[in-house]
Amino acid sequence: MNYVKSVEQIPLSDRPVARRNLSNVGNYLGLYGGEHIAATEFVIGATLVQYGCSATDIIIGLIIGNILAVLSFTFLCATIATDTRLTLYSYLGKVFGPTMQKVYNIVLGVGLSALAAAGISISGTAIRRVFNVPIQLEWYPTSIKFIVIVLLIGAVITIIASKGFEAVAKFASTCVPWMMVLFGIGLVVVLPQLLQATGFGALQSPADFLRLLNTHVWNGVTANGGKQLGIIHVIGFAWVCNLAWHVGLNDMSILRFAPNYKYGFISAVGMFVGHFGAWIIAGIMGATSSIILNTPLAELDPGEVTFALLGYAGLLAVIIAGWTTANPTIYRITLSFNAVFPKISQKKLTYIVGVVITALACFPGIQRAADILTFLGLIVQGVGAICITEHYIFPKIGFTRYWDLYRNQKANPAAVIAWVLGIAFTFTMILGGWMHQNIVFVPAWFITVLSYILLAGLMGAKGGYSKQEQAQIRFEKELDDYVNSLHPEQEAEPKAPRTAKLLRYTAFVILAVIVVLGIACGLGGIALAAFKLWFIVLTLFHFLFNGISMALIYRNTASKEVL
């Protein structure tokens, strides 16, 4: 049975996670918060303003869509990830075969590269504003200074990503609390500016707030006279925005470190703080800055929007948000390409990927994050549908899981055909104008699943493979034992030094002071200009204290070897 190798021959990228490398709640809060309260939120929030929806459609649609996303993260992606402890890229070798595994990894890597480049490029819009570099309205760069800015940001992000999962998670965890404060206080500070700019008057009730949003933010006006969208499209967008990650199973690379599948519920932090609260607040910010600057929202970039409303702290938010988007994305890309180029070390591959992505980020056209996320999800979700079918449905209908592996085929023909059929249906519907891109994935998913069941049944999945299954079970047990023998259980991590704790507490006190000052500014007790100054000064001290604290903790903690 040549589909089974010796455990020593299995490359690091295909081995299950060792028990000592399972991660904690704090890391997942940081990762999901950092990645989804991010640079793309500024762009997507502005995109939703141009849907032509009412505020009610936006609010209800985002709630429903994000609930569906959290359930998909938990009961699909996290469950398979914790069952197998593998990345999707490794799992695909068992389902699709080694040839198609490499093809998929290349397709995914290219798509994720575009997303990571979007995060870096969006961060560049903030630093652009500091140095008075013109807004980049063309798809190509029109300023050498903008290129230099992007190259510097890309270098920093690549270095952090090269440190692995733990470093990426720790970096995100230091940024998330401040980003949450930024968006929350941003709403409090921006609302008075919107009221003054529009002459709306005082808000006396929630009904007044909703009327303000319906009148001056989501006012039913579409961009460039396009087709008006409704609540179904908003639900679909909130769900499809991370389709590649949950239904497409790409967050197996992150969730394989979770102690159990329930950690998938932590994605709610990203979905509801980021993809609900941040999108709504970013929409309000975008509409307000458009009115104040008397410029169409489509001609403003995130740096211009946040600087007009929040000053230099707003620019810093865009920079940090770009970092926390690009960091885990580059980590995923490296894992994806690692299956294609196993002889290149993860660190070296991270640097190669970082260079390519940074070069791509120099082109401002890559900032169309909403389109990148949507189309990436539509292309790869079929692969997730096939893996979900094999993992959950096949055992229930008498088919054999990993049947293609037992037949020693280079590519699973049933999976390839089903994936292509799903993609063909998707883009036929979109290009023909018969179905919107935000909702087409639902019928496409069912088409892929049903096609795979039918084709797999005809091509051998019904066959008896009991001997092969038993051999595979024994091999997986041997591999798990081998991995954990290389990574024995260790004592609990040492406690954080007292100095680190003091600095961290001080950093959170500073956040509390920022909240108090923001509320005072919103109520008229502090001038907006004074608040902007205090906001950036206190923010710099917050990150200084928090950064030193994390450095002390990280230095005094036994580092974990991760894939």
Please tell me if the side chains of [X] and [Y] come closer than 4.5 Å, counting only heavy atoms from C-beta onward.
| X | Y | value |
| --- | --- | --- |
| Phe427 | Val440 | no |
| Leu249 | Val383 | no |
| Leu229 | Val234 | no |
| Ile386 | Phe96 | yes |
| Phe257 | Tyr28 | yes |
| Trp445 | Val247 | yes |
| Thr84 | Lys94 | no |
| Thr306 | Leu182 | no |

**Study point:** Worked check of side chain to side chain contact (heavy atoms under 4.5 Å, CB included) between Ile67 and Phe272
**Key:** CA-CA 9 Å; Ile67 288 174; Phe272 282 94; 3.6 Å; yes
Review point. What's the verdict on side chain to side chain contact (heavy atoms under 4.5 Å, CB included) for Leu378 and Ile430, showing C-alpha distance, side-chain angles and the deciding distance?
Key: CA-CA 11 Å; Leu378 292 175; Ile430 294 173; 3.7 Å; yes
So, taking the atom named [atom1] in [X] and the one named [atom2] in [Y], what distance separates them when rounded to the nearest 0.5 Å?
| X | Y | atom1 | atom2 | answer |
| --- | --- | --- | --- | --- |
| Phe276 | Ile58 | CZ | CD1 | 10.5 Å |
| Ile235 | Leu68 | CD1 | CG | 7.5 Å |
| Ile153 | Ile127 | CD1 | CD1 | 3.5 Å |
| Phe394 | Tyr402 | CZ | OH | 12.5 Å |
| Arg85 | Met252 | CZ | CE | 10.5 Å |
| Phe337 | Leu349 | CZ | CG | 7.5 Å |

How close do [X] and [Y] get, heavy atom to heavy atom, and via which atoms?
| X | Y | answer |
| --- | --- | --- |
| Pro364 | Pro141 | CD-N, 3.5 Å |
| Leu86 | Arg15 | CD2-C, 3.9 Å |
| Leu22 | Ala258 | CD2-O, 4.2 Å |
| Pro395 | Glu390 | CD-O, 3.6 Å |
| Thr389 | Ala385 | OG1-O, 2.7 Å |
| Thr358 | Gly154 | OG1-CA, 3.3 Å |

Just wondering, are more than 12 heavy atoms of other shown residues or ligands nearer than 6.0 Å to CE in Met180?
-> no
- Message: If you count heavy atoms of other groups shown closer than 6.0 angstrom to OH of Tyr392, is the number above 12?
- Response: yes
[X] side-chain N/O to [Y] backbone N/O, donor-acceptor pair under 3.5 Å:
| X | Y | value |
| --- | --- | --- |
| Ser451 | Thr448 | no |
| Asn438 | His233 | yes |
| Thr400 | Trp403 | no |
| Ser289 | Val305 | no |
| Arg256 | Ser253 | yes |
| Ser290 | Gly286 | no |

Name each donor-acceptor pair under 3.5 Å that joins a side chain in residues 410-421 to protein atoms two or more places apart or in another chain, with its distance.
{"residue": "Asn412", "atom": "OD1", "partner": "Ala414", "partner atom": "N", "Å": "3.1"}
{"residue": "Asn412", "atom": "OD1", "partner": "Ala415", "partner atom": "N", "Å": "3.2"}
{"residue": "Asn412", "atom": "ND2", "partner": "Val95", "partner atom": "O", "Å": "2.8"}
{"residue": "Asn412", "atom": "ND2", "partner": "Tyr452", "partner atom": "OH", "Å": "3.1"}
{"residue": "Trp419", "atom": "NE1", "partner": "Ile379", "partner atom": "O", "Å": "2.8"}

Item checked: Derivation and outcome, side chain to side chain donor-acceptor pair (under 3.5 Å), residues Asp251 and Tyr32 -> CA-CA 11 Å; Asp251 254 11; Tyr32 278 108; 2.8 Å; yes
Contacts of Ser121 meeting side-chain hydrogen bond (donor to acceptor under 3.5 Å, both in side chains) (sequence neighbours excluded), chain-then-number -> Gln367
Decide ring pair (Phe, Tyr, Trp, His ring centres under 6.0 Å) for Phe75 and Phe265; before the verdict, give the C-alpha distance in whole Å, the side-chain angles of both, and the deciding distance to 0.1 Å. CA-CA 9 Å; Phe75 294 107; Phe265 285 116; 5.7 Å; yes
Report task. Give the C-alpha distance, both sets of side-chain angles, the deciding distance and a yes or no for side chain to side chain contact (heavy atoms under 4.5 Å, CB included) between Leu92 and Asn105. Result -> CA-CA 9 Å; Leu92 282 179; Asn105 286 356; 4.3 Å; yes
Residue pairs passing the side-chain hydrogen bond (donor to acceptor under 3.5 Å, both in side chains) test with at least one member in residues 61-82, sequence neighbours excluded, are Ser72-Trp239
Problem set entry | side chain to side chain contact (heavy atoms under 4.5 Å, CB included) between Ile393 and Phe399, intermediate numbers included | CA-CA 8 Å; Ile393 299 177; Phe399 285 19; over 6 Å; no
